[in-house]
Chemist: 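I have a structure I would like to understand better, so I am pasting it below and will then ask my questions one at a time.
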Amino acid sequence: MKRILIILIFVTAFLTLSIALKLHYSPTTFSTAQSGTLKISASFYPLAFFAEQIGGQYVNVRTITPASAEPHDYEPTTQDIATIESGNLLILNGNVEPWGVKVHDILQGTNVTVVTAGAGLLTQQLVENGISTTDPHVWLNPHLAMQEAYVIEQAIAAKDPAHVAYYQQQLGKLTTTLDAIDTAYHTGLAHCSQSAFITSHAAFGYLASHYGLQQVAIAGLSPDAEPSGQQLADVSAFAKAHNVTYIFFESLVSPKLAETIAREVGAQTLVLNPIEGLTPNDSTAGKDYTSLMRDNLHNLELALQCTP
Amino acid sequence: MLDLFHYTFIVRGLEAGIIIAIIAPLIGMFLVLRRYSLIADTLAHVSLAGVAIGLLFKINALFTAIAAAVISSVAIERLRISKRVYGESALAIFLSGSLALAIVLISVANGFNVNLFNYLFGSIVTVKQSDVTIIGILGILVLVAIASVYKELVYLSFDEESAKVSGIPTRMLNILLIALAALTVSLAIPIVGVLLISALIVIPVVTALQLRVGFKQTIVIAEILSIFSVISGIVTSYYLNTSAGGTIVLIALLIFVIVYATKKR
């Protein structure tokens with residue numbers, strides 16, 4: 001009995017030491033230095049980007065889904081939930097976050113407000129194997145992104161009414177930027193010899209329908225869904241029939257599928273970023289939502305053989 | 001330092017974890033002594049099939065997991081008694097068979113791959129208040145059941161033949177024990193997950209057995225170790241940002257290694 005006690009004390013000491021070391025080297029949750037600011041958790045990158053743009057100096061935004069993780073299958077850790085609970089506002093897109101429903105239960109009885117930026121915007125359905133799922137990828141359509149930004153601005157302003165004028169002004173700036181992207185897409189995609197593009201994951205439905213394009217997806221709405229052999233054959237046949245020269249893949253998941261099809265039909269691969277996260281490479285290169293949207297446009301123009 | 005107790009979901013996870021830490025070694029004691037350690041793992045896989053059924057038909061996965069585990073625990077025991085297959089073969093059949101069923105059901109329902117990860121490795125974040133209540137009530141049920149047939153179970157564990165001769169309904173008791181194990185396993189899934197559950201049931205008991213003390217004392221020590229592993233595991237995993245289930249099991253294992261290494265011969 002005594003020995004067990006000694007061992008338990010030893011183990012406790014060991015664990016305490018490792019915790020202390022960990023806390024010393026990488027403190028987590030919101031930095032306390034910026035007290036007085038609104039603490040916002042955003043489920044993944046574009047929402048965090050909008051919140052940062054709108055909130056500016058008055059907010060402290062943390063992205064829950066880490067860089068280079070897929071928001072469709074990221075599970076928040078205990079610390080993530082603690083971060084959310086210690087903040088004022090949680091911004092979700094809706095239908096992307098597998099933990100989106102559960103988090104409402106978890107946050108019951110706390111003063112964290114949950115705002116679903118995509119609520120009411122998710123109008124498109126995608127039918128996979130006879131099951132229809134709601135497509136959540138609204139942030140890839142600048143028009144819908146503006147509406148998400150508006151919802152976020154309303155939520156931030158409601159939490160911090162003292163700076164409403166500032167937030168409105170910032171929203172105005174963001175809307176102008178998004179408008180400019182929208183115009184660029186309209187003009188850039190106006191004269192193209194093709195209208196169908198093949199992507200690895202069906203993330204571009206709202207973008208495609210807005211600019212009169214057709215999206216053919218190898219996998220479904222979730223980027224890691226494995227397509228069956230039949231689906232791969234169908235997509236290859238489509239690519240051959242339409243003389244598709246580029247197959248898109250995305251940055252956060254393996255390009256394996258896109259490469260398989262590209263080899264099959266003799267096409268090349270190109271990145272079409274669903275902007276679900278900012279990889280460390282992106283951030284060092286100084287990329288953000290707006291520049292990635294423009295990169296996407298550039299690659300679309302290339303793949304669809306558009307002439308200005 | 002202890003800011004984590006402000007978070008309601010961690011408190012819920014701890015509550016559920018402690019209840020499981022109390023009942024797991026109690027069941028584990030009898031399973032280990034009867035060389036039945038692997039049944040916990042088998043039942044955990046069966047529970048996964050139960051979880052898949054629950055997710056497919058949108059019923060509370062805890063209930064379907066319990067139902068699947070309890071029903072197959074009886075089936076496993078019958079298969080074992082029938083003597084037409086070896087005991088461990090019965091376990092292997094159910095272990096891989098239910099995993100196969102689970103994975104097929106999951107591909108039929110395609111779209112809860114994410115939830116699956118929670119069930120495989122556990123996540124205290126997913127414990128709802130209603131889960132704590134259910135775990136609490138069923139935990140008490142397991143405790144009461146064990147207490148009421150405690151003497152018979154001990155007898156059975158050490159000498160099944162003479163227990164039978166002395167008129168103890170061994171078949172009924174065996175089935176009861178396995179059914180209780182099934183219940184415990186399904187309850188523990190949200191915390192430590194399917195793949196790690198048997199560790200929580202078996203390791204503290206095996207560690208306590210190393211000390212070679214009396215039956216009751218062994219149970220008490222196993223209880224202490226298991227509760228310690230769960231609490232320290234949840235706290236540590238919070239600060240280290242690691243999986244709670246994995247951390248709990250590693251701590252239990254660390255204690256086992258130390259006890260084993262420092263054992264007086």
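It should be emphasised that the depicted structure is a prediction, and the values quoted were computed from it without experimental measurement. To find a chain, count down the sequence lines: A is the first, B the second, and so on, and within it residues start at 1.
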Chemist: Could you tell me which portion of A:I7 (side chain, backbone, both or neither) has an atom closer than 4.5 angstrom to a non-hydrogen atom of chain B?
Modeler: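 A:I7 touches chain B through side-chain heavy atoms alone.
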Chemist: Taking side chain as everything from C-beta outward and backbone as N, CA, C, O, which of these in B:I234 sits under 4.5 Å from a heavy atom of chain A? Side chain, backbone, both or neither.
Modeler: neither
Chemist: Got more than 12 heavy atoms from elsewhere within 6.0 Å of CZ, A:F238?
Modeler: yes
Chemist: If every non-hydrogen atom of A:R3 is compared with every non-hydrogen atom of B:V259, which pair is closest and at what distance?
Modeler: NH2-O, 3.3 Å
Chemist: Report, by ascending residue number, the residues of residues 248-258 of chain B in heavy-atom contact with chain A at a distance under 4.5 Å; give 'none' if the set is empty.
Modeler: B:I251, B:L254, B:I255, B:I258
Chemist: Between chain B and each of A:D105, A:D80, A:I81, count heavy-atom pairs under 4.5 Å; write down the option with the most.
Modeler: A:I81
Chemist: Could you pull out all donor-acceptor pairs under 3.5 Å where a side-chain atom in residues 185-198 of chain B meets a protein atom, sequence neighbours excluded?
Modeler:
unit_1, atom_1, unit_2, atom_2, d
B:S186, OG, B:A182, O, 2.6

Chemist: From B:S229 OG over to A:L8 CG, what is the distance, rounded to the nearest 0.5 angstrom?
Modeler: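 Answer rounded to 0.5 Å: 8.0 Å.
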Chemist: Taking all atoms of both residues into account, what is the closest heavy-atom pair of B:R12 and A:I106, and its distance?
Modeler: NH2-CA, 3.7 Å
Chemist: If you take all heavy atoms of A:S18 and B:L240, which pair is closest and at what distance?
Modeler: O-CD2, 3.7 Å
Chemist: Measure A:I4 against the heavy atoms of chain B and call it side chain, backbone, both or neither at under 4.5 Å.
Modeler: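 A:I4 touches chain B through side-chain heavy atoms alone.
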Chemist: Just so I know, are the side chains of A:T12 and B:F228 near enough to count as touching, which here means a heavy-atom distance under 4.5 Å?
Modeler: yes
Chemist: Taking side-chain contact (heavy atoms from CB on, under 4.5 Å) as the test, write out the residues that go with A:T63, two or more places apart.
Modeler: A:A48
Chemist: For the OH atom on B:Y150, are there more than 12 heavy atoms of other groups (residues, nucleotides or ligands in this structure) within a distance under 6.0 Å?
Modeler: yes
Chemist: Counting neighbours of CZ on A:F10 that are heavy atoms of other residues, nucleotides or ligands and sit closer than 6.0 Å, is the number greater than 12?
Modeler: no
Chemist: How many angstroms lie between atom OH of B:Y239 and atom CG of A:L21, to the nearest 0.5 angstrom?
Modeler: 15.0 Å
Chemist: Ignoring hydrogens and angles, write down the donor-acceptor pairs under 3.5 Å from the side chains of residues 90-101 of chain A, residues two or more places apart or on other chains.
Modeler:
unit_1, atom_1, unit_2, atom_2, d
A:N93, ND2, A:P136, O, 3.0
A:N95, ND2, A:T134, O, 3.1
A:E97, OE1, A:G94, N, 3.1
A:E97, OE2, A:S43, OG, 2.6
A:E97, OE2, A:N93, N, 2.7

